[in-house]
Structures are given as structure tokens and as C-alpha cells.
Trainee: 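Handing you a structure now.
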Amino acid sequence: MLKKRIVASLKDANKEYKSGDTLVTALASSSVDIYSNELTLIMGPSGSGKTTLLSLLGSVIYPSSGQVIIDDQTVSDFPENKLADIRLSKIGFVFQQFNLLQPLTSLENVLQPLILQKTDRKTAVRRAKESLKKVNMADKMNSLPKKLSGGQKQRVAIARALVTDPPILLCDEPTASLDSKSASFVMEELRVLASEGKAVVVVTHDLRLRKYADRIIYVEEGIISDTLKNEKDYK
């Protein structure tokens, strides 16, 4: 059994936005740790603040106050160019709409983060093939996205997120565009990745995904909790 470690943390971090003369709190002051070897669900109804929480953990936005720590580095004070390096090397992102480049094959899509890292071509191709193999998509490496099912596209997107071997995998509604069978397959893949040592974080409003989680964080009205307050809000 791999030993868990903290790979991302919020320390009294919050996020506020100005809307006209009104100050809107998207996420109240929160402290949370994300662990390796664990699949964590971030659950909440629409507009609850769960995507804001994910965006802070992914260093996509800055907190209004407090700290964001990624792999033992306090990144909330980093300039944007340094944050971009953190996102490229430490964090893999998986999105609801896959975000694959349509003119490129599965292999070429998975290669993109390595191209950004200026990895030599031979090494990059080898790692991209290994990443596709890990999600059982090696036989589709030369296929264009239009030839793939929704579930296959999402698995290519996961392979792309994994190719730089980041400690953290952040998934924003990764099953929302999939049928039930494909969604189950993707969640099983993510659970395997967590068991192999990744910190896998999945944002969702789908209560059916709870069975895949090692841990669940609920976000309601910008407040983090370990308990579900009102299941009817998720319908």
C-alpha cells in the first residue's frame, strides 16, 4: 500500500469577486488538504463554489486571501508565468468537453504537454504511447477525435493529463457528457490511477459517483463541509 502524502492544500483561502458595488463570495475562507493515493470528490449543486475550489487547487486563479500550496510550494504568490509552469508540470486537467484538438490524432493530442515542455521527440512519443496504453487506448492512437466515442475521447484526455506524470489530476465534471456505461468505465480508470499513487480530484454534482470516492468534500453556498445538507439540491 502506497503511503499517502499531502500534495495540495488551501490554507484559509477564499475567493471574492466584485459585481458592480457588491462583493460576491464564491468560496468562503477554507482550509483543505488533498492526498496522494486517494480519489476525492468535490460535490455541490450548480453555483455552489465547487469549480472555484477546483480552480484554486489547479492554480488557475489566485485566492483573494490565504495560501495555495502545491507539492510543498506556496504558489499563491507566484507570478503568472511561474504558475503556468506549475500547471504544466504538477497538475493534469481533465474537462467535461474533452478539449481535444480535432485535426490531431489521439497520439498527437497526448503529445501536446510534452511539446510545451520541450521534451525530445523520441522520448515524447514513447511516453505518449505509454500513457495511452495505461487507459487502454493504444489501439486508437492514430484515430482522430471524430472517430472516437465520448468515453474514448475522455480516456484520451486522461492520457494527455497523465503524460507529464503530475502528482495531481483535476477533473471537472468528467462524466457529465457520457452515457452511464462510459461514465462507469472512466471512473474506474480514475480510481485505478488513485490507487497507483495519484491525487485524483473529481468535481461533480452527480451523487451516483459517490461509490467511487475515497473521500467526499461538499461545497454549498461557498462553504466547505464533510456532510451533505440537502440531497434535493443535486437533482
Side-chain angles (χ1 to χ4, degrees), residues 2 7-8 34 36-39 54-55 57-60 70-71 73 75 81-178 181-203 212:
L2 294 171
V7 295
I34 301 298
S36 64
N37 202 37
E38 190 170 84
L39 194 156
L54 190 78
S55 297
L57 289 169
S59 301
V60 176
I70 304 294
D71 218 17
Q73 298 181 80
V75 302
N81 64 330
K82 202 168 179 183
L83 268 189
D85 290 339
I86 289 291
R87 290 193 296 268
L88 185 59
S89 62
K90 301 290 186 182
I91 305 166
F93 292 93
V94 179
F95 304 96
Q96 177 180 341
Q97 298 300 333
F98 323 125
N99 289 10
L100 299 179
L101 299 173
Q102 297 302 310
L104 303 185
T105 65
S106 298
L107 181 64
E108 290 167 336
N109 267 285
V110 175
L111 278 170
Q112 295 310 300
L114 297 176
I115 291 171
L116 290 172
Q117 286 188 338
K118 297 181 169 55
T119 305
D120 72 87
R121 178 73 182 180
K122 185 177 179 180
T123 301
V125 169
R126 174 180 56 78
R127 288 172 60 182
K129 287 180 177 179
E130 288 172 353
S131 194
L132 283 165
K133 185 177 180 181
K134 187 171 284 190
V135 295
N136 298 305
M137 286 296 290
D139 61 330
K140 300 291 185 181
M141 70 173 63
N142 295 316
S143 298
L144 293 171
K146 67 182 180 181
K147 297 293 186 180
L148 303 177
S149 68
Q152 289 172 332
K153 289 176 186 176
Q154 195 59 288
R155 284 151 62 194
V156 171
I158 292 170
R160 180 182 57 192
L162 288 174
V163 76
T164 58
D165 195 26
I168 309 164
L169 194 63
L170 301 182
C171 310
D172 192 2
E173 300 278 7
T175 63
S177 300
L178 306 180
K181 184 178 178 181
S182 296
S184 296
F185 197 96
V186 165
M187 289 305 298
E188 289 290 356
E189 294 277 354
L190 293 174
R191 188 155 67 172
V192 167
L193 293 171
S195 72
E196 293 174 346
K198 298 295 182 189
V200 179
V201 181
V202 176
V203 159
Y212 299 101

Trainee: With sequence neighbours excluded, tell me which residues meet side-chain hydrogen bond (donor to acceptor under 3.5 Å, both in side chains) with R127.
Mentor: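 If we apply the side-chain hydrogen bond (donor to acceptor under 3.5 Å, both in side chains) test to R127, skipping adjacent residues, there are no hits.
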Trainee: Which heavy atom in M137 sits nearest to a heavy atom in V156, and how many Å separate them?
Mentor: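 Answer, listing the atom of M137 first, then V156: CE-CG2, 3.7 Å.
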Trainee: What side-chain hydrogen bond (donor to acceptor under 3.5 Å, both in side chains) pairs are there with at least one residue in residues 103-115, not counting sequence neighbours?
Mentor: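 Checked against side-chain hydrogen bond (donor to acceptor under 3.5 Å, both in side chains) - neighbours excluded - the pairs reaching residues 103-115 are T105-E108.
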Trainee: Say whether N37 and E196, considering side chains only, have a donor N or O and an acceptor N or O under 3.5 Å apart.
Mentor: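 No, no side-chain donor-acceptor pair sits under 3.5 Å.
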Trainee: Go through the steps to decide whether I70 and V7 satisfy the test side-chain contact (heavy atoms from CB on, under 4.5 Å), and finish with yes or no.
Mentor: CA-CA 6 Å; I70 304 294; V7 295; over 6 Å; no
Trainee: Please report the shortest heavy-atom distance between P145 and L100, naming the atom on each side.
Mentor: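 That would be CG-CB, 4.1 Å.
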Trainee: Ignoring hydrogens, what is the shortest heavy-atom contact between A157 and V94? Give both atom names and the distance.
Mentor: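 Looking at all heavy atoms of both residues, the shortest contact is O-CG2, 4.2 Å.
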Trainee: Rounded at 0.5 Å granularity, tell me how far CE in M141 sits from OG in S131.
Mentor: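 So the CE of M141 and the OG of S131 are separated by 11.0 Å.
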Trainee: Using side-chain contact (heavy atoms from CB on, under 4.5 Å), reason through L39 and L190 one step at a time and then give a plain yes or no.
Mentor: CA-CA 8 Å; L39 194 156; L190 293 174; 4.0 Å; yes
Trainee: Do E189 and N136 come close enough that some side-chain heavy atom pair is under 4.5 Å?
Mentor: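 Yes, close enough: below the 4.5 Å cut-off.
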Trainee: For the residue pair I86 and Q73, establish whether any side-chain heavy-atom pair is separated by less than 4.5 Å.
Mentor: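 Yes, their side chains come closer than 4.5 Å.
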Trainee: Give a yes or no on whether a salt bridge exists between D139 and K133, defined as a side-chain N under 4.0 angstrom from a carboxylate O.
Mentor: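 Salt bridge: no.
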Trainee: Is there a side-chain contact (heavy atoms from CB on, under 4.5 Å) between K198 and D165 once you walk through the steps?
Mentor: CA-CA 9 Å; K198 298 295 182 189; D165 195 26; 2.6 Å; yes
Trainee: For the CD atom of Q152 and the NZ atom of K147, what is their distance to the nearest 0.5 Å?
Mentor: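 Nearest 0.5 Å value for the CD-NZ distance: 12.5 Å.
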Trainee: Hey, are the side chains of V200 and E38 touching, using non-hydrogen atoms and a 4.5 Å cut-off?
Mentor: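 They are not in side-chain contact.
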Trainee: If we only count heavy atoms from C-beta on, is the V202 to Y212 side-chain gap below 4.5 Å?
Mentor: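 Answer no - side chains too far apart.
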Trainee: Roughly how far, to the nearest 0.5 Å, is CG of L88 from CG of D85?
Mentor: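 Atom-to-atom, D85:CG and L88:CG are 7.0 Å apart.
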Trainee: Of the non-hydrogen atoms in P166 and A161, which two are nearest, and what is the gap between them?
Mentor: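 Shortest heavy-atom contact: CG-O, 3.3 Å.
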Trainee: Measuring from L116:CG to T164:OG1, what's the distance to the nearest 0.5 Å?
Mentor: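 L116 atom CG to T164 atom OG1 measures 10.0 Å (nearest 0.5 Å).
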Trainee: Could you tell me the separation between the CZ atom of R160 and the CG atom of L132, rounded to the nearest 0.5 Å?
Mentor: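 So the gap between those two atoms works out to 11.0 Å.
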Trainee: Can you tell whether the side chains of R126 and E130 come within less than 4.0 Å, N to carboxylate O?
Mentor: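 Between E130 and R126 there is a salt bridge, with a charged N closer than 4.0 Å to a carboxylate O.
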Trainee: Mind checking side-chain hydrogen bond (donor to acceptor under 3.5 Å, both in side chains) for D172 and listing every partner two or more places apart, or none if nothing turns up?
Mentor: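 Not a single residue meets the side-chain hydrogen bond (donor to acceptor under 3.5 Å, both in side chains) criterion with D172.
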Trainee: Can you list the residues that meet the salt bridge (Lys or Arg N to Asp or Glu O under 4.0 Å) rule with K90, with sequence neighbours excluded?
Mentor: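 Salt bridge (Lys or Arg N to Asp or Glu O under 4.0 Å) check on K90 returns D71.
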Trainee: Of all the heavy-atom pairs spanning R121 and L111, show the shortest one and how long it is.
Mentor: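 Minimum heavy-atom contact is NH1-CD1, 3.6 Å.
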Trainee: Is the shortest heavy-atom distance from the side chain of Q117 to the side chain of S89 under 4.5 Å?
Mentor: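 With C-beta onward as the side chain, the pair touches.
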Trainee: Minimum heavy-atom separation for L114 and A124, please, with both atom names.
Mentor: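 That closest heavy-atom pairing would be CD1-O, 3.4 Å.
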Trainee: Not counting sequence neighbours, which residues clear side-chain hydrogen bond (donor to acceptor under 3.5 Å, both in side chains) with E188? List them please.
Mentor: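 Result, side-chain hydrogen bond (donor to acceptor under 3.5 Å, both in side chains) vs E188: R191.
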Trainee: Please evaluate residues F185 and R155 with respect to the criterion side-chain contact (heavy atoms from CB on, under 4.5 Å), reporting the C-alpha separation (whole Å), side-chain torsions for both, the decisive distance (0.1 Å), and the verdict.
Mentor: CA-CA 9 Å; F185 197 96; R155 284 151 62 194; 3.5 Å; yes
Trainee: Could you check if a side-chain atom of L57 sits within less than 4.5 angstrom of a side-chain atom of I34, using non-hydrogen atoms only?
Mentor: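 They are in side-chain contact.
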Trainee: Excluding sequence neighbours, so at least two apart, what forms side-chain hydrogen bond (donor to acceptor under 3.5 Å, both in side chains) with Q97?
Mentor: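 If we apply the side-chain hydrogen bond (donor to acceptor under 3.5 Å, both in side chains) test to Q97, skipping adjacent residues, the hits are S177.
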Trainee: Hey, could you give me the CE/OG1 distance between M187 and T175, rounded to the nearest 0.5 Å?
Mentor: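 It comes to 6.5 Å.
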